[in-house]
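Order of the sequence lines fixes the chain letters, A, B, ..., with proteins taken first and strands second; residue numbering starts at 1 for each chain.
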Number of protein chains: 2
Amino acid sequence: MVALRPLQALRLWQQVCLAEVRNEMPDLSERQLAILLTVYLDPPPHTVRGLAEKLKVTKPVITRALDTMGAMRLLARHRDEEDRRNVLIRRTVEGALFVERFGDTVVAKAGELAP
Amino acid sequence: MVALRPLQALRLWQQVCLAEVRNEMPDLSERQLAILLTVYLDPPPHTVRGLAEKLKVTKPVITRALDTMGAMRLLARHRDEEDRRNVLIRRTVEGALFVERFGDTVVAKAGELAP
DNA sequence: GCGCAATGATACGGAACCGAAACGGTTGTG
DNA sequence: CACAACCGTTTCGGTTCCGTATCATTGCGC
């Protein structure tokens, strides 16, 4: 667990949100970010329907987010050879770097919080 | 400061984002949330231009966000009596409750993180 | 009183996003 | 083999958001 007081939690959120909206960080929507972090933090395999269930959104939402983040090279699609109905969503080098930097930013903002 | 390791930071972000997109929490855009937290965490006075500068967005963005969050009673507009060109953005009871609950959710998710 | 600048709001065109419906392809079953 | 079920993608109509341009009001200096 991480010990975090309510005011610290809110301040942390504010600072990271401000960094995001000021374009200090690339601008992904909430859902895109949730998808991205899930792919990079949760163990594979990741499928469109799995992600849709996890986020409680419809599959086309995932498809479109994959389109967008695929174009940014943050994620990649691969057809599942064992069942070609499935698309497996994989990590990329660029995506891993993006997620690492995001994590570093959050850590940095946390470090600036009053005790 | 708050001691947070990169993986914890990312996990925290993931869990709160997932809670948000699953509608466990009301769905505000990143910018709306940044505006809301700024009004509730930073000392007044808050003006449209001040918020626009802080977020590095244009004034109509703030106006629209105020429309949306005003309708949700999370924020209120008051014309500044000393200079009637200004609109002062004030806190509301509902907004304070919302922000408090948001903070509690973040704290709860932080409490679930692996050490 | 006038001209100018500042304020926030409104209108406009465009981009991005949503869910529902539809579609084409693949797999499992009888 | 035919059909149902499943998959992800595409289309559709609607909503929300963006920046730019414009507007009405207010304040200030001359």
Open item on the list: So if I define the base as every atom that isn't primed, P, OP1 or OP2, how would nucleotides 9-15 of chain C read as a B/S/- string at a heavy-atom cutoff under 4.0 Å?
Closed with: BBB----
TODO: Give the ring-plane orientation class for A:W13 versus B:F102, where under 30° counts as parallel, over 60° as perpendicular and anything between as tilted.
DONE: perpendicular
Task: Heavy-atom side-chain contact between A:T63 and A:V48 under 4.5 Å - done: yes
Open item on the list: Would you say that A:R73 contacts A:V93 through its side chain, given a criterion of any heavy-atom pair below 4.5 Å between the two side chains?
Closed with: no
Task: Contact list for residues 3-18 of chain B, test salt bridge (Lys or Arg N to Asp or Glu O under 4.0 Å), sequence neighbours left out - done: A:D42-B:R11
Task: Protein-nucleotide distance (B:K56, atom NZ; D:dG19, atom P), rounded to Å - done: 13 Å
Open item on the list: Quick check for you: among C:dT7, C:dG19, D:dG19, whose closest atom lies nearest to any side-chain atom of B:T58?
Closed with: D:dG19
TODO: Identify whether the distance between the nearest side-chain nitrogen and carboxylate oxygen of A:K109 and A:D104 falls below 4.0 Å.
DONE: no
Task: Donor-acceptor contact below 3.5 Å, side chain A:H46 vs main chain A:V39 - done: yes
TODO: Whole angstrom is fine here: how far is it from CG in B:L55 over to C1' in D:dC18?
DONE: 13 Å
- [ ] Check the distance between C:dA16's C1' and A:M69's CE and give it to me in whole angstrom.
- [x] 14 Å
Task: Between D:dC17 (P) and A:R31 (CZ): distance, integer Å - done: 12 Å
- [ ] Check every strand shown and say whether A:T68 touches a base, only sugar-phosphate, or nothing at a heavy-atom separation below 4.0 Å.
- [x] sugar-phosphate
Task: Sugar-phosphate or base contact per nucleotide [nucleotides 24-30 of chain D; S, B, -; heavy atom under 4.0 Å] - done: --BS---
TODO: Could you tell me whether the side chain of A:L4 reaches within less than 4.5 Å of the side chain of B:V106, counting heavy atoms only?
DONE: yes
- [ ] Using modelled atom types only, decide if a donor and an acceptor are shared between the side chain of B:Y40 and the backbone of B:T92 within a distance under 3.5 Å.
- [x] yes
- [ ] Would you classify A:Q32 as touching base, sugar-phosphate or nothing, given that sugar-phosphate means primed atoms plus P, OP1 and OP2, and contacts are heavy atoms under 4.0 Å?
- [x] sugar-phosphate
